[in-house]
*Asks:* 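First the structure, then my questions, so here it is.
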Amino acid sequence: AGIHGVGRDDIVENRFVGVKSRGCYETPALTVLRKAHVDLEGICLDREVRKIRDSLSVRFAEYCYNGFWFSPEMDYLKQCIALTQDRVTGSVNVRLYKGSVY
């Protein structure tokens with residue numbers, strides 16, 4: 001994945017303390033796995049469950065980013081998201097080309 005440029009991201013972010021910072025991130029394997037998993041969820045999950053999961057995922061990312069991994073709210077979110085994944089099974093074929101996952 002790395003040789004195809006998949007998973008490279010250069011962003012300006014607003015930190016929790018109010019400071020802007022530039023971040024360069026490289027997560028080739030995670031980018032491929034995430035794309036494959038989201039495609040699989042599209043087949044296995046109900047539309048309404050996906051909507052709820054999407055809203056919880058945003059909150060989950062905020063809590064991770066802000067360092068609230070061990071908070072009660074995060075425990076609750078992890079349990080809710082885990083429940084949405086009970087029926088997600090299968091296999092996915094992916095192709096990498098010029099920085100994208102297909």
Side-chain angles (χ1 to χ4, degrees):
I3 63 172
H4 293 280
V6 172
R8 291 184 182 157
D9 210 4
D10 184 1
I11 60 173
V12 175
E13 21 185 19
N14 292 318
R15 295 286 180 172
F16 184 56
V17 293
V19 177
K20 286 193 182 274
S21 69
R22 179 178 181 208
C24 298
Y25 301 99
E26 292 190 24
T27 58
L30 181 60
T31 301
V32 173
L33 289 173
R34 172 89 174 126
K35 172 69 172 154
H37 189 77
V38 168
D39 284 352
L40 189 59
E41 285 179 329
I43 295 169
C44 298
L45 294 180
D46 177 74
R47 178 179 54 191
E48 295 303 315
V49 173
R50 281 196 324 263
K51 283 183 189 177
I52 294 168
R53 188 271 337 261
D54 288 345
S55 66
L56 293 176
S57 294
V58 171
R59 207 62 162 293
F60 185 92
E62 289 173 358
Y63 287 157
C64 284
Y65 189 80
N66 294 329
F68 296 130
W69 185 259
F70 297 107
S71 70
E73 300 90 347
M74 183 60 126
D75 289 339
Y76 176 75
L77 281 178
K78 287 190 280 189
Q79 290 175 19
C80 289
I81 292 172
L83 283 173
T84 68
Q85 302 302 303
D86 284 344
R87 293 191 173 98
V88 180
T89 61
S91 61
V92 177
N93 294 323
V94 296
R95 295 186 192 270
L96 309 178
Y97 184 70
K98 291 188 178 182
S100 296
V101 182
Y102 301 98

*Asks:* If Ile, Leu, Val, Met, Phe, Trp and Tyr residues are connected whenever their side-chain heavy atoms lie under 4.5 Å apart, and connections chain through other members, are Val58 and Phe60 in the same group?
*Replies:* no
*Asks:* Surrounding CG of Asn93 (heavy atoms of other residues, nucleotides or ligands, distance under 6.0 Å), is the total greater than 12?
*Replies:* no
*Asks:* Hey, is OH on Tyr76 packed in by over 12 heavy atoms from elsewhere, all under 6.0 Å?
*Replies:* no
*Asks:* Identify the residue among Val6, Asp39, Val101 that makes a side chain to side chain contact (heavy atoms under 4.5 Å, CB included) with Val94.
*Replies:* Val101
*Asks:* Give, for atom CZ of Arg53 and atom SG of Cys80, the distance between the pair rounded to the nearest 0.5 Å.
*Replies:* 13.5 Å
*Asks:* Would you say Leu96 ends up clustered with Val38 if hydrophobic residues are merged whenever their side chains have heavy atoms under 4.5 Å apart, either directly or through other cluster members?
*Replies:* no
*Asks:* Can a donor-acceptor pair be found, under 3.5 Å and without considering hydrogens, that links the side chain of Asp46 to the backbone of Glu48?
*Replies:* yes
*Asks:* CG/Leu56 to CG/Leu83 distance, rounded to the nearest 0.5 angstrom?
*Replies:* 10.5 Å
*Asks:* Which distance, rounded to the nearest 0.5 Å, do you find between the CG of Leu40 and the CG of Leu33?
*Replies:* 12.0 Å
*Asks:* Write down the atom of Asp75, the atom of Trp69, and the distance for their closest heavy-atom approach.
*Replies:* OD1-O, 4.5 Å
*Asks:* Quick one: closest heavy-atom pair of Leu45 and Arg50, and the distance?
*Replies:* O-NH1, 3.0 Å
*Asks:* Give the cluster check for Tyr63 versus Phe70: same hydrophobic cluster or not, with ILVMFWY residues linked at side-chain heavy-atom distances below 4.5 Å.
*Replies:* yes
*Asks:* Please report the closest heavy-atom contact between Glu13 and Tyr25, naming both atoms and the distance.
*Replies:* OE2-OH, 2.5 Å
*Asks:* Got a second to check how far Leu30's CG is from Lys35's NZ, nearest 0.5 Å?
*Replies:* 14.0 Å
*Asks:* Heavy atoms only: give me the nearest Thr27-Thr31 pair and the separation to one decimal.
*Replies:* O-OG1, 2.7 Å
*Asks:* Please determine whether side chain to side chain contact (heavy atoms under 4.5 Å, CB included) holds for the pair Glu73 and Arg59, giving the CA-CA distance in whole Å, both sets of side-chain angles, and the decisive distance to 0.1 Å.
*Replies:* CA-CA 10 Å; Glu73 300 90 347; Arg59 207 62 162 293; over 6 Å; no
*Asks:* Which value, rounded to the nearest 0.5 Å, describes the distance between Ile52 atom CD1 and Ile81 atom CD1?
*Replies:* 11.5 Å
*Asks:* Would you compute the distance between atom CG of Leu77 and atom SG of Cys64 and round it to the nearest 0.5 angstrom?
*Replies:* 9.5 Å
